[in-house]
Amino acid sequence: MELNPDFTWQNSPIFVGSLAETLGPWLKEQSYSQILVLTDTNTYVHCLPSLKDLLPYPFHTIQIPAGEQHKNLETCAQIWQQLLHYKLDRKSLLINLGGGVIGDMGGFCAATWKRGIHFIQVPTTLLAMTDAAIGGKTGIDFQGIKNTIGVFQTPAAVFADPAFLNTLPNREFISGLAEVLKHGFIGDPELLSNFANLQPAVLRSLPWPQILIQSIAVKVRVVTEDPKENGLRMLLNYGHTIGHALESYFLETNTPLTHGEAIAIGMICETPAPHHTQVTQLLAPFFPKVPIPKETYNSLWQLMQQDKKNSSGAVRLAIPDELPYTMKVLDITEPQLGNLLQKYAVTEF
Ligand code: GLY
């Protein structure tokens, strides 16, 4: 059977479809010495069973605790320890079976193990299928700052199986929706039309394989034009400057936000008129208002100092411009951040 990827990025195939029809045949064409599958406590139970029977070589599995709070150097040390234990040589393959945390951290561990072994991304969340697994970013959080340590490394392949979406709790599913909508806002109004006036209760019955293709198409187009984030790729960070600060801040509280919840707030805050209303209306049914006390504004500003887009001390927002795939860059001050957060607080939805 001939394998036709849905996309190719940096000579690496991206497949959307059943693992049995994509990953299984693809692996048979490779010649790895052994396979190690990185899972978390969720994907070990809910996703590994669909993968196991497709692995044609000897394999082992590693399981790490689930959650962004574990995306750090300590967990990397545990993973590298297992690579040592199983004697992974340079002909081995690491399979990252999970969401963004597993993909980012597994990719980083593989990219640095013996100066780089092959890894593939098998994203199991909507967020990872549409965003994190595509584009070669790997890395971990450091001292509470998101994605501070990492490298660009292209995976050997990406396999997004929409069947895994059924394993997700609602909150996790909706978290990924924020990135899908982001792709619509920056590049594809037709993608957005799937979600206009949509009741959250019917979200899961949308044609997800097709929506994944539409959403990944936007990401692939941007990372093809600008793989190392010297320009247009900054646009994928729309909503993330404020969103990442919120995510880091709330991670330390008893009420952490999901990544998508944080960047949905970020997109609402960062979008100026005339698009503010459209963006808010599309996000509001899925992302109810979160109170952000004024006392937190300075902490959020401090967290934003670490944003990778910043230049010459200014905090930089990248937001969509009038046409698809065009970007406006705005440098903001601390009082301006306060105004944006205040505008979010008073917007009715
Ligand atoms: N998630 C943003 C990027 O890949 O650049």
Side-chain angles (χ1 to χ4, degrees), residues 7-10 12 14 68 71 96 98-108 111 119-121 123-141 145-155 157-158 160 172 175-188 191 212 214-248 257-267 270-271 304 306-311 316-320 324-329:
F7 304 92
T8 301
W9 181 68
Q10 299 199 332
S12 156
I14 300 169
E68 181 77 28
K71 187 176 152 184
N96 297 321
V101 172
I102 288 285
D104 283 9
M105 188 160 47
F108 178 65
F119 63 98
I120 61 175
Q121 303 292 35
T124 58
T125 62
L126 178 56
L127 188 145
M129 289 183 202
T130 197
D131 187 21
I134 317 289
K137 279 188 177 174
T138 76
I140 53 169
D141 306 336
I145 315 288
K146 284 198 46 103
N147 303 327
T148 307
I149 300 179
V151 295
F152 284 101
Q153 186 77 300
T154 309
V158 178
E172 194 56 56
S175 176
L177 178 65
E179 298 289 3
V180 174
L181 292 173
K182 180 194 78 180
H183 288 159
F185 295 137
I186 69 181
D188 186 357
L191 171 53
L212 280 176
Q214 286 176 287
S215 181
I216 293 170
V218 174
K219 174 109 192 207
V220 168
R221 177 163 164 177
V222 173
V223 297
T224 299
E225 184 164 329
D226 177 21
K228 293 277 174 75
E229 203 167 307
N230 294 313
L232 186 66
R233 187 166 181 167
M234 276 193 276
L235 187 51
L236 296 176
N237 247 266
Y238 168 43
H240 286 60
T241 313
I242 293 178
H244 271 162
L246 287 164
E247 190 182 359
S248 296
L257 297 175
T258 64
H259 179 72
E261 287 163 354
I263 65 141
I265 302 171
M267 286 191 280
E270 293 179 13
T271 310
M304 286 167 63
Q306 299 296 336
D307 192 276
K308 290 186 278 307
K309 292 185 299 310
N310 294 349
S311 158
R316 181 155 284 187
L317 310 180
I319 56 178
Y325 300 103
T326 58
M327 171 176 81
K328 250 194 305 222
V329 170

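The first residue of the sequence shown is numbered 1, and numbering continues consecutively from there. Both counts, for ligands and for their atoms, begin at 1 and track the order of listing.
Between R316 and D307 there is no salt bridge, since no side-chain N of the basic residue sits under 4.0 Å from a carboxylate O of the acidic one. Residues K309 and E229 are not paired through a salt bridge, judged by the lack of any N-O separation under 4.0 Å between the basic side chain and the carboxylate. The pair D104-K137 does not count as a salt bridge, with every side-chain nitrogen at least 4.0 angstrom from each carboxylate oxygen.
The shortest N or O to N or O distance between K137 and ligand 1 is below 3.5 Å.
Contacts between V223 and ligand 1 below 4.0 angstrom, taking non-hydrogen atoms only, are absent altogether.
Distances below 4.0 Å separate heavy atoms of K219 from the following atoms of ligand 1: 1 (N), 2 (C), 3 (C), 4 (O).
Residues Q306 and H244 have side chains not in contact (no heavy-atom distance under 4.5 Å, counting atoms from C-beta outward).
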